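So the structure is just underneath, and the comments pick up after that.
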Protein chains: 2
Amino acid sequence: MQRLLAHISKFVELTEEDKETILSIMQYQQVKKKEYLLRQDAVCNANYFILKGCFRRYYIDEKGTEQTIQFAIDNWWITDYDSLERRAPSEYFIQAVENAEIAVLDKRVQEDLFSQVPAMERYFRLVLQRAYAASVQRIRYIYDFSGEERYNHFSNLFPEFLQRIPQYMLASYLGFTPEFLSKIRAKKI
Amino acid sequence: MQRLLAHISKFVELTEEDKETILSIMQYQQVKKKEYLLRQDAVCNANYFILKGCFRRYYIDEKGTEQTIQFAIDNWWITDYDSLERRAPSEYFIQAVENAEIAVLDKRVQEDLFSQVPAMERYFRLVLQRAYAASVQRIRYIYDFSGEERYNHFSNLFPEFLQRIPQYMLASYLGFTPEFLSKIRAKKI
DNA sequence: CTTAAAACTTAATCAAGTTCAAGAAAAGAC
DNA sequence: GTCTTTTCTTGAACTTGATTAAGTTTTAAG
């Protein structure tokens, strides 16, 4: 859980008391590969901070294919904010891509955390600001670059990551089919 | 400026004192069509709330073409969070698409606002949560639907909007060329 | 009212990526 | 270790949308 406190401390100042409050309100949890934190049609009940490992958020499209819309690794939060906030059934699955350790912030105690540690409100504002900017940047990548260019860019940024995830997950994340990814890779060799 | 207070009040509770503080810190401003709030290579100095009118955020791609990455209308905020927060030169232009009225939150007084009205920190957290969810949803639209489907969806959601903006701006926002938009429209008639 | 600039249309050609289908390789389960 | 399931590959036919270039319409300016 020290990773979580370290991450928060990069954005806001925390007293020792704040740290204890955070640790008392959030839950440490181990998650096995392929386990779910959220399934389609369920209401999302928590925000999850990844201490170690990798998760993905995906949905099933009209053709019945899984489409990965987000990957999250160490030091990222993953949730469905829309379902979490509106208490509405989610369209998404959140699944562990590999064995992982997480810190859980349950919706029912989220408000307690904000009132006891007001700095956390600021922390989430800053984290969301980054997430929003990254998401807009991703739209720009989709518009500006071809599938092959996006693959090259991704594999340069996260070379070790390529080994950890199945190609069909990466293909849908990058916005093309697994067959096309296969062809891109064939070209390199 | 009452529109701004009304919008904030939808997310958090404000006392009369809070309202006065907000009004004293934020600046009302009129903007003419085609005027800029931000230009490429400048550092973004404020977050802008649109009281009335329409703005767009765009960049110039390698081919020298303007690509509109965001539209913002009444009751939305527009800025470049990345430039604003990191104090780095922006890659974007923010321009009025039509005559507009805005409320300006200057970066230099933003912290004063948050310390005097802590509810604003929460308000921005909630606004950013929505903006982030909307941006991810947009990626999903790009992946799931064809250009024609995205145009139909947009024109059903914002029929009056189609009349207000030039087609080349909409085409780049939806992720295709003006020529292609022209073809889609020709098919309908 | 006239002219220039900005925005839009049309059509032919081309490239990027999908679909479908079949087979090969890797990874888990027993 | 073998069997089953999951993941990856290959190729042919097809679709969507980009590009280029010329012409038309609309808007704004003097």
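As the structure is a prediction and not an experimental result, all values here were calculated from the model.
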- Do B:Tyr28 and B:Glu101 have side-chain atoms, one donor and one acceptor, less than 3.5 Å apart? yes
- Query: Among D:dT10, C:dT9, D:dT19, which nucleotide sits nearest the side chain of B:Gln167?
  - Reply: C:dT9
- Task: Determine, for A:Lys183 against A:Glu148, whether the closest basic-nitrogen to carboxylate-oxygen distance falls under 4.0 angstrom.
- Result: no
- Under the 6.0 Å and 45° cation-pi test, does B:Arg57 pair with B:Phe93? no
- Query: What nucleotide among D:dT9, D:dT10, C:dT19 has an atom nearest to a side-chain atom of A:Ala186?
  - Reply: D:dT10
- Should A:Val97 and A:Phe55 be marked as a side chain to side chain contact (heavy atoms under 4.5 Å, CB included) after you check the CA-CA gap, both sets of side-chain angles, and the distance that decides it? CA-CA 5 Å; A:Val97 176; A:Phe55 285 81; 5.6 Å; no
- Task: Please determine if A:Lys33 and A:Glu98 form a salt bridge, counting it only when a charged side-chain N lies under 4.0 Å from a carboxylate O.
- Result: no
- Length of the line joining B:Leu174:CG and D:dA18:C1', which is rounded to integer Å: 16 Å
- Between A:Arg185 and D:dC8, is there a side-chain N or O to OP1/OP2 distance below 4.0 Å? no
- Query: Taking the six-membered ring for Trp, are B:Phe71 and B:Tyr173 parallel (under 30°), tilted (30 to 60°) or perpendicular (over 60°)?
  - Reply: tilted
- Message: I need the CD1-P distance between A:Ile142 and C:dG17, as an integer number of Å.
- Response: 12 Å
- Query: D:dT7 P sits how many Å from A:Leu170 CG, rounded?
  - Reply: 14 Å
- Item | Aromatic ring pairing B:Phe114/B:Phe124, orientation class (parallel under 30°, perpendicular over 60°, tilted between) | perpendicular
- Whole-Å gap separating C1' (C:dA16) and CZ (A:Arg150): 11 Å
- Item | Per-nucleotide protein contact string for nucleotides 23-30 of chain D, where B marks a base within reach and S marks sugar-phosphate only (heavy atoms under 4.0 Å, - for neither) | -----S--
- Just how far, in rounded Å, is C1' of D:dT20 from NZ of B:Lys63? 13 Å
- Message: Closest approach to the side chain of A:Glu179, judged atom by atom: which nucleotide of D:dT20, D:dC8, C:dT19 is it?
- Response: C:dT19
- Which nucleotide in the list C:dT10, C:dT19, C:dC8 gets nearest to the side chain of A:Thr177? C:dT19
- Report the distance from atom CG of A:Leu181 to atom P of C:dT18, rounded to the nearest whole Å. 11 Å
- Task: Would you mind classifying the nucleic acid contact of A:Ser146 as base, sugar-phosphate or nothing, using non-hydrogen atoms under 4.0 angstrom?
- Result: sugar-phosphate
- Atom CD of B:Glu148 to atom C1' of D:dT15: distance rounded to whole Å? 13 Å
- Options D:dA18, D:dT9, D:dT7, nucleotide nearest the side-chain atoms of B:Phe176: D:dA18
- Item | Minimum-distance nucleotide to B:Lys183 side chain [options: C:dT19, C:dA12, D:dT9] | C:dA12
- Hey, what bend do you get for the helix from C:dC1-D:dG30 to C:dC30-D:dG1 if you fit axes on five pairs at each end, rounded to 10°? 60°
- Message: Quick check on side-chain hydrogen bond (donor to acceptor under 3.5 Å, both in side chains): which of B:Glu149, B:Arg150, B:His153 does B:Tyr141 satisfy it with?
- Response: B:His153
- Query: Between A:Ile165 and B:Phe145, which has a closest nucleotide on DNA chain D that is more 5'?
  - Reply: A:Ile165
- Query: Do the side-chain N and O atoms of B:Tyr58 and B:Gln67 include a donor-acceptor pair separated by under 3.5 angstrom?
  - Reply: no
